[in-house]
Amino acid sequence: MKLGILRTPARTILPISQKVIKKLSDLGAEVVIEKPESSVNWEESLIQNSAPYVSREEILKTADILLSVGYSELESVNARYWISEFQPFNQPDITGKLDAMGITGLSLDMIPRISRAQSMDVLSSMASIAGYKAVLQAADLLPRYFPMMITAAGSIRPARVLVIGAGVAGLQAIATARRLGGVVEAFDTRSAVKEEVESLGGKFVEVEGATDRSDSGGYAVEQSEDYKKRQQEKLAERASGADVIITTAQLRGKPAPKIITEEVISNMPPGAVIVDLAASTGGNTIYTENNKLVAIEGISIIGDSYLADSMPQTASELYANNAFNFMELIVKEKEIQLDLDDEIISNAKING
Amino acid sequence: MKLGILRTPARTILPISQKVIKKLSDLGAEVVIEKPESSVNWEESLIQNSAPYVSREEILKTADILLSVGYSELESVNARYWISEFQPFNQPDITGKLDAMGITGLSLDMIPRISRAQSMDVLSSMASIAGYKAVLQAADLLPRYFPMMITAAGSIRPARVLVIGAGVAGLQAIATARRLGGVVEAFDTRSAVKEEVESLGGKFVEVEGATDRSDSGGYAVEQSEDYKKRQQEKLAERASGADVIITTAQLRGKPAPKIITEEVISNMPPGAVIVDLAASTGGNTIYTENNKLVAIEGISIIGDSYLADSMPQTASELYANNAFNFMELIVKEKEIQLDLDDEIISNAKING
Amino acid sequence: MEAFNLFVSNHIIEIYVLLLAIFLGFELISRVPTVLHTPLMSGTNAISGVVTLGGVILVRSADSADYLALGLGSLSIVLGMINVVGGYAVTDRMLKMFKKEKK
Amino acid sequence: MEAFNLFVSNHIIEIYVLLLAIFLGFELISRVPTVLHTPLMSGTNAISGVVTLGGVILVRSADSADYLALGLGSLSIVLGMINVVGGYAVTDRMLKMFKKEKK
Amino acid sequence: MTGIVSILYMVAVFCFAIGIRMLRQPKSAKQGNLISLAGMLIGIVGALIQPLGEVDNNYIWIAAAMLLGTMIGWPLAQKVKMTAMPQLVAMFNGLGGASATTLGIVELMKVSAETPGGSIAVSILALIIGGISFTGSVLAYLKLEGTLRKQWVVPMHNFWNLLILVGMVVIGAIMVVQGSVNIPLLLGLVVLALFYGVFFVFPIGGADMPVVISLLNSLTGLSAAAAGAIYDNKTMLIGGILVGASGTILTLLMCQAMNRSLWNVILAGKFKAGSGAGGGTDQVMKEITKPDAAILLQYSKNVIVIPGYGLAVSQAQKTVKELDDLLNSMDVEVKYAIHPVAGRMPGHMNVLLAEADVPYEKLLDLDDANAALKDTDVVLIIGANDVVNPSANDDPSSPIYGMPILNATDAKHIIVMKRGRGTGYSGIENPLFFHDKTQLYFGDAKASLQEITEELKENA
Amino acid sequence: MTGIVSILYMVAVFCFAIGIRMLRQPKSAKQGNLISLAGMLIGIVGALIQPLGEVDNNYIWIAAAMLLGTMIGWPLAQKVKMTAMPQLVAMFNGLGGASATTLGIVELMKVSAETPGGSIAVSILALIIGGISFTGSVLAYLKLEGTLRKQWVVPMHNFWNLLILVGMVVIGAIMVVQGSVNIPLLLGLVVLALFYGVFFVFPIGGADMPVVISLLNSLTGLSAAAAGAIYDNKTMLIGGILVGASGTILTLLMCQAMNRSLWNVILAGKFKAGSGAGGGTDQVMKEITKPDAAILLQYSKNVIVIPGYGLAVSQAQKTVKELDDLLNSMDVEVKYAIHPVAGRMPGHMNVLLAEADVPYEKLLDLDDANAALKDTDVVLIIGANDVVNPSANDDPSSPIYGMPILNATDAKHIIVMKRGRGTGYSGIENPLFFHDKTQLYFGDAKASLQEITEELKENA
Ligand SMILES: NC(=O)c1ccc[n+]([C@@H]2O[C@H](COP(=O)([O-])OP(=O)(O)OC[C@H]3O[C@@H](n4cnc5c(N)ncnc54)[C@H](OP(=O)(O)O)[C@@H]3O)[C@@H](O)[C@H]2O)c1
Ligand SMILES: NC(=O)c1ccc[n+]([C@@H]2O[C@H](COP(=O)([O-])OP(=O)(O)OC[C@H]3O[C@@H](n4cnc5c(N)ncnc54)[C@H](OP(=O)(O)O)[C@@H]3O)[C@@H](O)[C@H]2O)c1
Ligand SMILES: NC(=O)c1ccc[n+]([C@@H]2O[C@H](COP(=O)([O-])OP(=O)(O)OC[C@H]3O[C@@H](n4cnc5c(N)ncnc54)[C@H](O)[C@@H]3O)[C@@H](O)[C@H]2O)c1
Ligand SMILES: NC(=O)c1ccc[n+]([C@@H]2O[C@H](COP(=O)([O-])OP(=O)(O)OC[C@H]3O[C@@H](n4cnc5c(N)ncnc54)[C@H](O)[C@@H]3O)[C@@H](O)[C@H]2O)c1
């Protein structure tokens, strides 16, 4: 059984690591990796020459299973299974494309968020990194200190950080911003989040009347117009003092809610920074452009949903572990056997 | 009395702030600021339109005193005094140039490090920022997490940080790296530093036999060859596990000691980051290039002595406060009167 | 009143002993960690085996032909002795649990 | 040996009283918060003013013409009484400090 | 001789007092028991050599009886299982009471015209109190053994109660006043006393037996004191009184520890026992008290802390570090087992513990922790639930089935800190909380940790 | 009558015992003192009505003496300043001892051929012990008042010590054996006893006086007990013994609280006292004890903490936060005054306090702090030195002249925590430490803070 690791254009993460290669060989799988265009320093640490680099064509021709971090167009593939993050909610035509290729897509981002599947949850591990990096980038871009400083040259008040959407990424952002000494407020529509925010030392901003559905598997649902209005007002108020805003609000299969309006931005002090992790689904601000830094009225807006890519070594390791944990579930006796009674597998299988 | 604020090429900091403009007007000084080439978002916050922008020529023609963060060639100046950071130790010909211009240079970096002068100590306030930013930039560049993480997708050990030279910048770097969750070791030739490092939760790496002269006013002195060898060995050992090295070792009026050798670097894991704050005096690594990011054997080396420039708003505020505190000392009855019995003033005055 | 005065005067010192002993008994127990409740109960219970002393004195004073007194007296010694021996031994075993074996 | 036996036999109960009282005295003080050390010292000091009782008995038994005994006895009452009154009063004042006036 | 004996007796008394005092702290308890034993031996020697005038001594009988008593008592104490100790203590206590009763009977049989009223009275007291203690203790034994599970209440229990007491007082008064004793009266007294013991203990539930035993223990002490009065023996008198008094306080302390009044325990017929019984299930959560938890931690050689979301909610990270430091100073090794999904975000526990400056070396990940747990004395679970839920291992119907967990049950003791009966993120019951080894400490985690820390500082 | 008096006396004894017991907890202490007072009144009534046979009674004298004693004692107790209470207690204690001595003298003067040796012996005891306690207490009073600051040690102190003791024993023995007393011997005894008190206390430093007073207090108790033996008065006897015994334990506890042995205190002559006396200067640093520091903090309405480099060195940031929380729960407001150059890098204190989660709102910068200090009850300086050095304001020759500082002296009380006499970064002396308002608490900052926190928890 040969596992081919494909690179995904514009992504730095490689869903494999030396440790996983070893574990896979115990499972009976041999790993080949698509040759990089140029060598990357951290990749040596990651792979440590434990699997050969081969050309993309060769992988497509010889591999039995493909593994990548995202979709890219392929021609004539030999493999029958392709494990990746296909995001079928955002790319509804993906199943058709896979069908056309005659390959079965196993989408890691479709794995249900049940306890047992946490070790395969790429959304969590990548979001966690993104939350961390969002704060680092904001702190680097901000023209002032995060922590409070009382010094001989003057006293600096701590930076105020507002986190919108306290999911995995948001919570990690709260934790990181607090570590750096920022004063953190956070805000979410799910009510359980209040306690979670407080458990990290953040302050929760309450907006009354949120819709919170427990049957949505931990994902947020769309909110009423009335609620959105109240949220706007509250936000405009809180944002006026914020030096950094980190937004992570996403809705499954829908464009991200536009939470940061023109009014909110005009309330922010010049030099402030917004990091929008929801950029790939449209962004939480009206100005967000995916993978771009835009400056509006003195405010910098970083739009990036793939911030994990800026920490590629760890991100690759974690991604590889997630993918391996999933493969361990589907590989039986050196072959892929999909047990469709298992909700993890049935959810991950998006076509074929 | 008219104070002209000059911009220094390649520097972002402006040595003035709205607060200081107000205080200066109480002192009887009117402030004019050199027009920026293009507007900068944070500058609005800093100045808040409390002083007019005028052209450079006009400042040179009308101002009685000049204030800038660094030296730049000027022709035909009206002013009799120029307050700046002239770094006469690194630019020995500076006095001659100032003499030629017929202007008296008051160099803020020459102010002795006595308690009373701490509020004018631009070296400290800028170094503090540099130490903070050095860690942020290293963390952003590092392909892995700083903090330890035990997650469903795998366990990540904390990043190891080695700080060389625990002066103002080094201490701030230690504090910031510890905040982010890194494991920090630090190293210095001055013996007092051990306790200081530990007072921030860092571990001190001991190399025996350092020369430590108390008459050097808090600045380090050059070390013996024997010591340098022992330091090399110890460092090579500690560096082999370090993900981040931050170097700040400087000697007054001498090129910075080359502490990070080829051997040390070859011991570091690929992907590791070195931030060299001693870059402007030659750097502490043999590869450092000032204001450049170089990559050697998988290691990124950021050479930047002016990291404070990357946090311009706060840096400008603090610089302005420092400069003001100095001016308060020399301005008497709306005029500059240099009391050369005051060691602060006599040290600051480098010519004329 | 006379009788009372007489009794109190004659026995005042014994009354002191009694009251002091009671007071002391109360004072001896205070803030005992709960885990020690049972050992403490067991330990004091062993002390109440002091009744054996009475048996000993009884048997010693008895006529060596008075088998009823001898028999009952010996019975009381047996019973009391079980209380004493068993009581102290079991307390000791309970307390052994508090020895922390060092690695 | 005889004398010893006699003494012990005659005074055994007094000895019990003494020893029990000493034991009780020890037991009474244990785990006193440091702030209470001084009040406690002051409070027990007031009790040692009980020596006044001796003065009272002395003066009562003295011949009403024996001015030396009366004088010294009264002196001891005065001294003891200062100890009693002052001791209790000052202890009470110390203990009042534990009432915190709320702002 | 008399002098020496008097002194022996006195030494015995103070050995008892000192012994009891030392029994009150774990450190000195064992030695205290030995000192008290020494007192007992000294007392027995005193009784053996005390000058009694011209008597037959009958040392053979005495030696035989003592030997017999020792041969019965010793093996019983050695063989009993740890868990059966309380009932054995009850049994021993009963025998002590029986011993006093026997003495009372013999002395009453000896009563003659010259016997002073006081002597008759103390003999009667020894008989009655000893008798009550005897049957009461035997019943307590049976209840604890589980042989007797019933507990009934006679209608008008208090009335009958009073009646028997009055009956005993009346018979006693007759004997004292008459200055003589006849067999029917004596028999009647014995029967009433024995019956009263049964009557007293029967209605009380098995769970309350420890308190009852402590109460009966203090009665036995009093009966020994009464017997001491018969023979004018100070050791018996004062020793008995010490036991009576300290036993009473101990009884009250035990009630307090159960959060009940003594009254409530004795009249327990009405209330059902088992205060910690599970809501719907018939399983029981066992609670642990503050001093017990503290001692358990202090006397262990290593502790593994399993932090969970509850630790974060109560922001107890610094408090747990403080406890850790304290335990370290007591030579207890403390580590932390970090479950990968503990808390609500990846690395949640790491963030908290780093904030509290817990050294990274003390953190164990899942695999290391599960290896270490096998050799761990106490595992302290702080606001964690799902991550230690064994149904993830063995209950395929559980929503968390298949998730790897921290195997807390591998450790010797388990202490769980949580606020109440709340479930975790997954909302399911956790069988671990009903496990044999598990003891719960309820309350906000931070407050709970502070309480234990305080307690430990006091013990130190 | 005898019966009633005996019972009154007995009640008095147990009132004393119960009173002492209750004095041991803050909550019941006040009431305990009243119960003990009640015991005293009952005892006095007993002494007044006790049948003594045909005696003159002289109630007039007694009434007059009691009135006089009351009129002296009461106003003294009412007027004394809080801080002067310990010396007043010493004085009272001395008078109690003097009273016993007087009784002893009178009784010895009455000695005749019929007087049993035992009576003579107890009279001698009352005289000696009371006498020692008297002069010792008066000396302690003077030392505490500050009237007497010297402390000298005679060469061969122990030898003389022993000699006086032997002298007293010899004289006493002569009296008992002779069965008679003559004036020179009596005088000699009195003089020796009084002198011994002085000799005993003189070498001990003022800071150790509380311990000495406690020891003398227990001596006074014993002298009262001896006097009780003279009159066969159980209240005096047992009451005195209770005081003697509990006083002894209390003395030991006080030594323990100071982390010294009793021995070390008594033999302190060798060690220099006033362990905080200025090195080269003749100014004196005043030390503050743990309980005083705790009470000062607890009973203030607001506290400002001034942290410095020492806080960082001892890594006490979390401990100070704990103290802060505790004080908050006691309704004391705590803020932090952050000097711009405190520590060794810009923002050093900020980093530390943020790590301990001190809310930013509690941090005051130089200007705000100096404004707030004017209305502050206690300022707690933790390991800061240069940043509170007033010579920066008023000594132009100082190397730190001109640096703005935190004006700690504006607050009502100043507590400084540092390890010893170390200077700060600038290496210069700090006159603040010798300021009237300043009290020093020596030790590593973290340990010191922990100690105070513990103490506060006990008070709470
Ligand atoms: N790590 C992640 O990335 C992540 C993300 C999302 C979900 N999850 C899920 O979260 C769960 C984590 O497991 P866990 O064991 O850490 O937590 P848990 O299962 O949620 O249990 C937390 C326990 O803490 C107790 N508690 C709450 N507040 C407390 C307080 N103030 N003091 C004391 N106890 C308190 C609660 O019981 P009482 O109410 O009785 O006190 C509860 O039983 C897993 O099911 C995991 O799948 C994890
Ligand atoms: N902030 C900056 O950027 C910076 C940079 C360089 C220099 N400085 C200078 O550093 C000084 C800072 O003033 P400061 O008041 O914070 O500190 P400081 O003047 O250096 O005094 C620190 C005090 O802490 C005590 N101490 C040390 N370790 C201790 C421990 N473990 N426990 C208790 N006490 C301890 C020392 O006395 P003992 O030895 O008796 O305990 C010492 O008196 C100023 O002179 C400033 O100019 C500041
Ligand atoms: N049980 C598990 O194994 C497991 C694993 C991972 C995550 N989860 C749960 O799933 C939740 C969602 O995770 P996620 O981070 O992937 O979510 P996400 O990326 O889909 O959304 C991020 C956050 O934005 C919030 N949000 C959406 N619309 C918003 C609006 N209009 N205003 C404010 N906030 C808004 C959401 O509530 C969510 O908290 C997590 O918080 C976690 O509790 C569970
Ligand atoms: N009293 C004051 O007001 C005041 C103000 C600021 C700084 N200071 C003191 O001055 C000191 C120096 O400050 P700085 O940060 O500007 O110094 P710097 O920038 O000149 O040097 C940075 C550090 O590098 C160290 N170093 C030099 N050569 C080294 C070598 N070969 N190996 C390792 N380390 C080497 C130095 O000891 C110093 O700690 C500070 O630490 C501080 O204590 C005092």
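This is a predicted model, so every value here is computed, not measured. Chain A is the first sequence line, chain B the second, and so forth, proteins listed ahead of strands; every chain is numbered from 1.
Counted within 6.0 Å of CD on A:Q48, heavy atoms from surrounding residues, nucleotides or ligands total more than 12; the atom is thus considered enclosed. Other residues, nucleotides and ligands contribute only 12 or fewer heavy atoms inside 6.0 Å of the NZ atom of A:K22. Heavy atoms from other residues, nucleotides or ligands lying under 6.0 Å from NZ of A:K19 number 12 at most.
Between E:Y401 and A:R116 the shortest heavy-atom distance is O-CD, 2.6 Å.
Of the atoms belonging to E:L352, it is side-chain heavy atoms, and not backbone ones, that fall under 4.5 Å from chain A. Proximity to chain A involves both the backbone and the side chain of E:P346, based on heavy atoms less than 4.5 angstrom apart. Neither the backbone nor the side chain of E:N389 has a heavy atom closer than 4.5 Å to any heavy atom of chain A. If you measure heavy-atom distances from A:Q118 to chain E, the contacts under 4.5 Å come from the side chain alone. When heavy atoms are compared at a cutoff of 4.5 Å, E:E355 approaches chain A solely by way of its side chain, counted from C-beta outward.
If you tally non-hydrogen atom pairs under 4.5 Å between each of A:D121, A:V193, A:L200, A:V168 and chain E, the highest count goes to A:L200. Across E:V313, E:D386, E:L311, the residue that shares the most heavy-atom pairs under 4.5 angstrom with chain A is E:V313.
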Quiz prompt | Criterion salt bridge (Lys or Arg N to Asp or Glu O under 4.0 Å) on E:K301 and E:D331, from CA distance to verdict | solution = CA-CA 7 Å; E:K301 72 177 190 308; E:D331 271 335; over 6 Å; no
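Geometrically, A:R11 engages A:Y306 in a cation-pi contact, judged by NZ or CZ lying under 6.0 Å from the ring centre and within 45° of the ring axis.
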